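Only this structure's heavy atoms are used, side chains among them; waters, hydrogens and symmetry mates stay out. Only a predicted model underlies this, so the values are computations on that prediction, with no experimental measurement involved.
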Amino acid sequence: MQDNATEVTAAGIARLAGVGRAAVSNWRRRHPDFPKPVGGTETSPSFALTDVETWLREQGKLAEVPLRERVWQQLAGHPAGPGVALLHTGCALLLVHDRPTDWLELAAVSDEHLAQRLPAALDDVLDRRFGPRGERAVSLPDTGLLPSVPLLRGAAELAAELGARQTYEFLLGRHLDANPRQYTLTPAGPAQLMAALAGPARTVLDPACGTGALLRAVRDLSPEPDQRLYGQDSVPDLAALTALRLALGTPAAGGATVRTAAGDTLRADAFPDVRADAVLAHPPFNERNWGHDELAYDARWEYGFPARTESELAWIQHALARLRDGGTAVLLMPPAAASRRSGRRIRADLLRRGALRAVIALPAGSVPPNNIPLHLWVLRRPGAGTPPAPELLLVETTGGGPAGSGDGRDRLPWEQVQQAVLDAWRPFDRDGTIEELPGVARSVPVIELLDDEVDLAPARRLPPPAAGGGAEELAAVRTRLGDTLRLTADRAPDTPPAAQSPARWPQTTVGELARAGAVLLRTAAAASGPATGGSAGAPVLTDHDVLAGTAPSGSPQGGDEEAVLVEAGDVVVPLAGGGAVVRVVDEATAGAALGRGLTLLRPDRAALDPWFLAGFLRGTANNRQASSFASTATRLDVRRLQLPRLPLADQRRYGERFRALAGFEDALRQAARLGEQLVRGLHDGLTDGTLGPE
């Protein structure tokens, strides 16, 4: 009965059955016995999960719901909402984590008895972990646990397979992916970089903790046995979820102490007496209602009272106020904070007193909002009698000129960005200065920055080197361009003779081939089965890489769900872009993780030639009939793509022709890149005086 309280949308049904949403709509129209809606709206109805499972199984469309998918659907369709479901699940998983035998005893009763007995057991665990009720951010809502019992049983079963922490990370990650606009997220790569810049720390504070990514990164990087982790967020649910997330990553005895609080940090600081070794934060940007009128005489404004438009500088000074002498703070900042005139006096005082140690420009797309290249500010609280640092480190990693000029597509892989930043920071932190790396890093004398603007944007002080790298390199680029153009001409395909009449082959679809086992379909969100593997350190093949024909450039985003790893011979299809490009994975790309927005097709080589499959999937008419159109984008339903039924020998003949076309296309792309590099290098060389006009 309680399982029926869990509802699932048409999109959830499609995920359960491994089909597109259009198939679910067809089932509703064609099958009178399809389950009736139990909620939602007329345009977006929801259905009882158990009714849907039963119907799918009776129709032979579902052998068994994977445990992960069942638990996720129970959480997403919880009658009190996914926020309450995540809180209940996190508390239950903490009981499973800390006292597994207690959970087994409690779970051996009916749902009604478990719902009655569980609150006392959960409160006891929460008291031991986070302090008594009233002092902790994690408390059970007064909604009752009975609707959550099937979910909690499923989560405990999944924890027996994956572990309690991994189970919670999976469910939380799915929830965040499903609701990206509700949260300000800090991706795993930038979070790890910020933790590395802060260094080992026993006491850590995040005053804008969100979902706890920064505190988790510090804990994973330097798990001190007696570490103390503090977090505060204005959203109570996030403060509670962060506490549970951190606690599930630490042992019940002898692990880190976790304390989180809900509230407005600037107006109502929950930890005024904390003196942290490190403060990390991704604060809200461009807030005018941050407390300017109420906080004019606050003791935290050691470096000047921030203007109403300078909320970020209020967060900077809050972080410094919560550090011990010599402690380090690392904050994500909008690039405007480095140069706005209204903040120049505070920036100047931060420089004069040696509190600001580095400003690091990240590539656009590293952290939301993805169209802006955010900055990292590294600060250190000056100790009594410590002389001010004479230089400031500036690092530019955007890889393409002034901040804000790139779109995030042409940036370095994240591992290279992180290594470049740390290679500059570590010697600077040790010696107070570094040798200049042209266009990348420079330690600038503070006196040079204390002008009327106090502009700290790295791009202003680190002009990139000429794109061509000098006359000799430009000559080498020109030689390569000539070779590539000749190769392109050689690879230009001959036009085959026209057929006497259009071929009328019997057709099949990718969906039919998948059901027959001739093709295995995988997406980045469906990480189970033979298409998955360990993802540690694997670069991510993004939709842009496929469209541009470049090497995998994405970075892993963390989480405990395994990635889908591509193999040589796989066919990768972008879901957006109208099917203009389909890529056959080669040996150089094999082992990369499949990125979002891509579908992987792994053909059975005994039945399908990969190049034959890829070539026919690119047909214009084929893509047109398999695409759906929104107001601003085209979405491809891969299962509807068609290809002819041909013997394997004929497939290979077509496959060789498609492979040759792909080689010609690659040569064209390479020629375009070299031509662009040559033109840009000549322009830069002529304008900066390194090349003459003769």
Side-chain angles (χ1 to χ4, degrees), residues 19-23 26 409 488 491-514 518-519 521 523 541-550 566 569-586 589 594-603 608-648 650-672:
V19 298
R21 291 188 62 176
N26 287 335
R409 295 294 196 184
T488 305
R491 289 185 175 181
D494 297 327
T495 304
Q500 293 182 352
S501 60
R504 301 297 182 189
W505 298 300
Q507 299 285 314
T508 186
T509 65
V510 171
E512 291 171 351
L513 291 171
V519 170
L521 270 72
T523 64
L541 181 68
T542 68
D543 56 350
H544 176 72
D545 300 330
V546 175
L547 295 171
T550 54
V566 301
D570 287 347
V571 177
V572 179
V573 185
L575 299 181
V581 174
V582 176
R583 179 163 172 174
V584 178
V585 175
D586 57 16
T589 305
L594 189 71
R596 298 193 182 279
L598 298 174
T599 293
L600 177 147
L601 308 179
R602 181 165 298 163
L608 272 178
D609 179 79
W611 286 101
F612 165 80
L613 173 63
F616 274 95
L617 295 188
R618 283 188 64 172
T620 301
N622 196 9
N623 279 274
R624 188 173 297 161
Q625 64 84 28
S627 296
S628 58
F629 301 92
S631 58
T632 58
T634 303
R635 189 78 174 174
L636 190 67
D637 185 349
V638 175
R639 290 176 174 271
R640 292 172 55 191
L641 288 170
Q642 299 177 347
L643 64 158
R645 297 180 184 271
L646 294 180
L648 191 57
D650 291 343
Q651 291 181 32
R652 287 173 176 157
R653 288 172 48 226
Y654 277 97
E656 285 303 315
R657 171 64 75 167
F658 288 133
R659 186 197 292 264
L661 283 174
F664 175 62
E665 187 176 40
D666 288 342
L668 283 174
R669 287 196 185 106
Q670 179 67 5

Q.
Tell me every residue that passes side chain to side chain contact (heavy atoms under 4.5 Å, CB included) with Pro610, counting only those two or more places apart in sequence or in another chain.
A. Val571, Val584, Pro603, Arg605

(Q) Once rounded to the nearest 0.5 Å, what's the spacing between atom CG of Asp609 and atom CG of Leu646? (A) 11.0 Å

Q: Determine whether Leu600 and Val566 make a side-chain contact, defined as any pair of heavy atoms from C-beta on separated by less than 4.5 Å.
A: yes

Q. Side chain to side chain contact (heavy atoms under 4.5 Å, CB included) with Arg583: which residues, sequence neighbours excluded?
A. Leu541, Asp545, Val546, Thr589

Q) Roughly how far, to the nearest 0.5 Å, is CG of Leu643 from CG of Leu608? A) 6.5 Å

Q.
Just to verify, what does Glu512 make a side chain to side chain donor-acceptor pair (under 3.5 Å) with, not counting sequence neighbours?
A. Thr508

(Q) I'd like to check the salt bridge (Lys or Arg N to Asp or Glu O under 4.0 Å) partners of Asp666; sequence neighbours left out, ordered by chain and number. (A) Arg669

Q: Could you tell me whether a side-chain N or O of Arg645 sits under 3.5 Å from a main-chain N or O of Pro506, the two making a donor and an acceptor?
A: no

Q. Nearest 0.5 Å, what's the CG-OG1 distance between Leu575 and Thr523?
A. 8.0 Å

Q: Please list, chain by chain and in numerical order, all residues satisfying ring pair (Phe, Tyr, Trp, His ring centres under 6.0 Å) with Phe616, sequence neighbours excluded.
A: Trp505, Phe612, Tyr654, Phe658

**Q.** Residues forming a side chain to side chain donor-acceptor pair (under 3.5 Å) with Arg653, sequence neighbours excluded
**A.** Asp650

Q: Please identify each residue that fulfils side chain to side chain contact (heavy atoms under 4.5 Å, CB included) with Ala514, with sequence neighbours left out.
A: Leu521, Arg639

Q) Passes side chain to side chain contact (heavy atoms under 4.5 Å, CB included), Leu641 versus Thr509? Steps please. A) CA-CA 6 Å; Leu641 288 170; Thr509 65; over 6 Å; no

Q.
Can you tell me how far apart CZ (Arg618) and CG (Leu613) are? Round to the nearest 0.5 Å.
A. 13.0 Å

**Q.** By side chain to side chain donor-acceptor pair (under 3.5 Å) - contacts of Arg657 (at least two apart)
**A.** none

Q) What is the distance from atom CZ of Arg596 to atom CG of Asp543, rounded to the nearest 0.5 Å? A) 11.5 Å

**Q.** From Thr599 atom OG1 to Leu617 atom CG, the distance as rounded to the nearest 0.5 Å
**A.** 11.0 Å

